Amino acid sequence: QVQLVESGGGLVQAGGSLRLYCAASGGTYSTYAMGWFRQSPGKEREFVAAISRSGSTDYTDSVKGRFTISRDNAKNTVILQMNNLKLEDTAVYYCAARSPFRSSGSTSRFQYDYAYWGQGTQVTVSS
């Protein structure tokens with residue numbers, strides 16, 4: 001069983017930066033693909049970024065060039081660096097882990113491919 005804990009959210013002005021962290025425990029972290037999703041009020045949860053066990057990355061179009069996902073396997077941590085934040089980035093951000101079973105540690109944009117989820121961290125971008 002994998003446990004995920006997000007941190008690093010907060011309030012930031014538009015154009016600013018935040019760094020989100022997701023600490024994993026209870027599993028073989030290095031074999032899991034990791035993802036970030038977000039949910040804004042009144043909207044469904046959506047894919048933001050993902051990183052495979054080998055370090056390949058994928059981003060939704062709206063954050064390309066502004067967000068960077070990375071992982072530190074020694075610290076069992078995945079990081080989401082968010083730059084040039086926009087009002088529409090305001091959401092609760094969730095970290096998720098995808099089991100290597102049948103996936104070989106590859107990324108996915110689909111929530112149902114991720115078996116483990118954190119509780120979320122709030123990111124609020126103000127004008």
Side-chain angles (χ1 to χ4, degrees):
Q1 190 76 6
V2 176
Q3 292 83 42
L4 303 174
V5 178
E6 302 96 336
S7 61
L11 175 65
V12 64
Q13 285 191 324
S17 298
L18 278 177
R19 181 175 291 183
L20 303 184
Y21 298 88
C22 174
S25 61
T28 310
Y29 167 77
S30 63
T31 66
Y32 287 73
M34 303 296 294
W36 285 97
F37 292 76
R38 66 186 179 187
Q39 187 168 20
S40 304
K43 295 185 178 180
E44 294 187 354
R45 191 157 58 182
E46 64 175 0
F47 170 77
V48 177
I51 186 166
S52 72
R53 61 186 288 181
S54 64
S56 299
T57 58
D58 186 26
Y59 301 92
T60 191
D61 286 347
S62 65
V63 308
K64 284 181 180 177
R66 300 189 299 122
F67 291 12
T68 302
I69 188 172
S70 60
R71 64 190 301 159
D72 185 340
N73 289 342
K75 297 182 179 179
N76 287 5
T77 301
V78 62
I79 300 163
L80 185 67
Q81 176 68 43
M82 306 186 295
N83 297 329
N84 190 21
L85 283 159
K86 303 178 180 181
L87 296 178
E88 53 264 40
D89 294 320
T90 294
V92 177
Y93 283 71
Y94 298 90
C95 175
R98 185 183 189 199
S99 170
F101 180 64
R102 294 184 179 177
S103 74
S104 300
S106 61
T107 60
S108 171
R109 295 187 172 204
F110 301 105
Q111 298 180 52
Y112 55 72
D113 281 333
Y114 292 82
Y116 307 102
W117 292 82
Q119 294 299 308
T121 185
Q122 176 70 46
V123 171
T124 303
V125 184
S126 65
S127 58

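Because the structure is a prediction, the values reported are computed rather than measured. All residue numbers in this chain count up from 1 along the given sequence. Every heavy atom of this structure was used, including side-chain atoms; hydrogens, water molecules and symmetry mates were not.
- In this structure Asp113 satisfies the side-chain contact (heavy atoms from CB on, under 4.5 Å) test together with Arg98, Ser108, Phe110, sequence neighbours excluded.
- Side chain of Arg71 to main chain of Tyr29: a donor-acceptor pair is present (N/O by atom type, distance under 3.5 Å, no hydrogens or angles).
- Residues Gln3 and Gly26 share a closest heavy-atom pair of OE1-CA, 3.9 Å.
- Counting heavy atoms from C-beta on, the side chains of Thr124 and Gln122 come closer than 4.5 Å.
- Closest heavy-atom contact between Thr28 and Thr31: O-OG1, 2.7 Å.
- With sequence neighbours left out, the side-chain contact (heavy atoms from CB on, under 4.5 Å) criterion links Ser7 to Tyr21.
- The main-chain N or O of Ile51 is never found under 3.5 Å from a side-chain atom of Thr107 such that the two would form a donor-acceptor pair.
- Under a 3.5 Å cut-off, the side chain of Gln39 and the backbone N or O of Ala91 do not form any donor-acceptor pair.
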Evaluate the criterion side chain to side chain contact (heavy atoms under 4.5 Å, CB included) for residue pair Arg38 and Val63; output intermediate values, then yes/no. CA-CA 12 Å; Arg38 66 186 179 187; Val63 308; 4.1 Å; yes
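- With respect to the salt-bridge test (charged N to carboxylate O, under 4.0 angstrom), the residues Lys64 and Asp61 qualify.
- A heavy-atom distance below 4.5 Å is not found between the side chains of Glu44 and Glu46.
- When the side-chain contact (heavy atoms from CB on, under 4.5 Å) test is applied to Ser56, the partners found at least two apart in sequence or on another chain are Ser52, Ser54.
- To the nearest 0.5 Å, atoms OG (Ser127) and NZ (Lys86) are separated by 15.0 Å.
- Here the side chain of Glu6 pairs no donor or acceptor atom with the backbone of Thr121 at under 3.5 angstrom.
- For Gln119, the CD atom is loosely surrounded, since the number of other residues' heavy atoms within 6.0 Å does not exceed 12.
- Listed here is the closest heavy atom pair of Thr90 and Ser40: O-OG, 3.0 Å.
- Sorted by first then second residue, the ring-ring contact (aromatic ring centres under 6.0 Å, His included) pairs that include residues 66-108, not counting sequence neighbours, number zero.
- Note on Tyr116: it does not cluster hydrophobically with Ile79, by side-chain heavy-atom contacts below 4.5 Å among ILVMFWY residues.
- Rounding to the nearest 0.5 angstrom, the gap separating the OG1 atom in Thr68 from the CG atom in Leu80 is 8.0 Å.
- For Arg19, there are no salt bridge (Lys or Arg N to Asp or Glu O under 4.0 Å) partners at least two apart in sequence or on another chain.
- Residue Val78 comes nearest to Cys95 through the heavy atom pair CG1-SG, 3.8 Å, listed as atom of the first residue, atom of the second, then distance.
- When every heavy atom of Arg53 is checked against every heavy atom of Ser30, the shortest pair comes out as CB-O, 3.4 Å.
- Applying the ring-ring contact (aromatic ring centres under 6.0 Å, His included) test to residues at least two apart or on different chains, the pairs with a partner in residues 30-58 are Phe37-Phe47, Phe37-Tyr114, Phe37-Trp117.
- Side-chain heavy atoms closer than 4.5 Å link hydrophobic residues (I, L, V, M, F, W, Y) into clusters, and following such links, possibly through other members, connects Val12 to Leu87.
- Side-chain contact between Met82 and Val123 is present, with heavy atoms from C-beta onward closer than 4.5 Å.
- Listed here is the closest heavy atom pair of Asn84 and Arg66: O-NH1, 3.0 Å.
- Asn76 CG to Met34 CE: the interatomic distance, rounded to the nearest 0.5 Å, is 9.0 Å.
- Here the straight-line distance linking atom CG of Leu18 with atom CG of Leu11 works out to 8.5 Å at 0.5 Å rounding.
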